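To start, the structure under review is shown below, and the notes come after it.
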Amino acid sequence: MLTKRIIPCLDVKDGRVVKGTHFIDIKDAGDPVELAEYYDKEGADELVFLDITASLEKRKTIIELVEKTASKVFIPFTVGGGIGSIEEIKEILRAGADKVSINTQAVRNPSLVREASRVFGSQCIVIAIDAKWDEDMNGWRVYINGGTKPTNLEAVAWAKEVERLGAGEILLTSIDTDGTQEGYDIKLTRAVAEVVNIPVIASGGAGRLEHIRDVLKDGKASAALIASLLHYKKHTIREIKEYLKKEGIPVRL
Amino acid sequence: MITIIDYGAGNLFSVRKALEYFDAKVIVSDNPTDILKAEGLVLPGVGAFGWGMNLLEEKKLCRAIREAVDKGTPLLGVCLGLQLLFEESEESPNVRGLGIINGKVRKLQTSLPLPHIGWNQVKILRDTPIFKGIKTESFFYFVHSYYGEPIDEELVCGETNYGITFPSAICQNNIFAVQFHPEKSGKEGLKIYKNFLGIIYGDNTSY
């Protein structure tokens, strides 16, 4: 049986792991390669590196970090942040990453999603969607540039569209819950997971074990992205997985 | 020396690192000579069947691979590398595969989401050196929508369920092929590479 995945997320800035609350107010939480190795040994199913400031500062992602990680870590990992061309994707995959996550550039240039999935295969193209509830829209509005810039896109419709364009997975972050540690946005996650046939990775808000269970069960997510809860050693991956197993959710232990 | 066959398909770096983890001497090459003189071959790959075969043909590697396999060089096929060993694939109907394993690559017929991405279990069906020290139902990392189905069912040494049960590990004499990614499957995955090196060099020797 396919298991639900637990994915530590390493938000990286200037070569260090950071985690912001609502994408602002950043704290330092460690060396990314060391943390990656640690989480691999701990039983993480995958890793995600997000260069959170990349879109804003137009910075290229961190090839050196990818190479170092790929030399020491033998589980899949995804790299995202400011990726905007086929050439960049190729470079990152060549350096040892398994998948790239594209956010802002997918909105600006949807044909990039189609082209990238055609060239590299859907399996390595993750589309990241940052969304926030919007009363006027009566839905979740998609934001770009690290959650700072609103678009005219509605998240559920955009998720369907990126699937059609060839995305292999959706990394869905709720701006409303991100950094709050008060639980994932179950409604948003479920709304997206129910309309697409590709895996949805839920992100933003994990603070307790129950939150992870809820988003995997009620939110219908295939995977849960976790940052602070792990980085500050509130729980270990083993504790999370043992809890989920007890709750009847299939995990790799 | 192990040659990782570089026909232009994706993630060779992690395959290389997994072998080097056990201090194996590894080269990544698209040169037929390096394929013929290798003590072991890895055919890796991520991507579409037709695309992969076109690259192998463009680089004139097909004949060298068949020749090396015929003279007994151990070969490990990984993911698309497994599929390319077959005669044909539903993914690319008009493209001929390497034809080293008789059978066809089929699309996973399941109502579950495709590609099949994530950690799934492999039920070991028969004792083979590539699974030495690995328990049945161990977890490995999968990323694919197609699987190889050999005509000779006896060749299937591991199977996995994802809506349907499909062959996930195949052994044919000196050929070992897995649909999952051992280089991305943590500790259990690294054992596959260790076992492959053991098959080539014997256990407990240096590589």
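Worth saying up front: this structure is predicted, and the values here are computed from it rather than measured. By convention in this document, chain letters (A, B, ...) are assigned in the order of the sequence lines, proteins followed by strands, and residues within each chain are numbered from 1. Keep in mind that the numbers below use all heavy atoms, side chains included, and drop hydrogens, waters and symmetry copies.
Using a 4.5 Å cut-off between heavy atoms, B:A18 contacts chain A through both its backbone and its side chain. When heavy atoms are compared at a cutoff of 4.5 Å, A:R252 approaches chain B by way of both its backbone and its side chain. If you measure heavy-atom distances from B:Y21 to chain A, the contacts under 4.5 Å come from the side chain alone. For a residue to count as touching a neighbouring chain, one of its non-hydrogen atoms must lie under 4.5 Å from one of that chain's; by this rule A:V196 does not touch chain B. Residue B:H144 does not touch chain A at all, counting heavy-atom pairs closer than 4.5 Å. Proximity to chain A is limited to the side chain of B:L190, based on heavy atoms less than 4.5 angstrom apart.
To the nearest 0.5 Å, atoms CD1 (A:I75) and OG (B:S14) are separated by 12.0 Å. Rounded to the nearest 0.5 angstrom, B:W51 CH2 and A:R118 CZ are separated by 11.0 Å. For the atom pair CG (A:L2) and OH (B:Y162), the distance works out to 5.5 Å, reported to the nearest 0.5 Å. In this structure, B:F13 CZ and A:E67 CD are separated by 5.0 Å, a value rounded to the nearest 0.5 Å. Distance check: B:K184 NZ to A:F77 CZ gives 5.0 Å after rounding to the nearest 0.5 Å. One distance of note links NE2 of B:H181 with CD of A:Q123; it measures 7.5 Å at 0.5 Å rounding.
For the set A:G121, A:S71, A:A70, the entry with the most heavy-atom pairs within less than 4.5 Å of chain B is A:S71. Of the residues considered (A:L253, A:I198, A:D45), A:D45 shows the highest number of contacts with chain B, using heavy-atom pairs under 4.5 Å.
The number of heavy atoms from other shown groups lying within 6.0 Å of CZ (B:R96) does not exceed 12.
Closest non-hydrogen pair, A:N197 versus B:P113, comes out as O-CB, 2.7 Å. In plain terms, the two heavy atoms of A:E46 and B:Y141 that are nearest each other are OE2-OH, 3.1 Å.
For the pair A:P250/B:W119, no side-chain contact is recorded, criterion being any heavy-atom separation below 4.5 Å from C-beta on.
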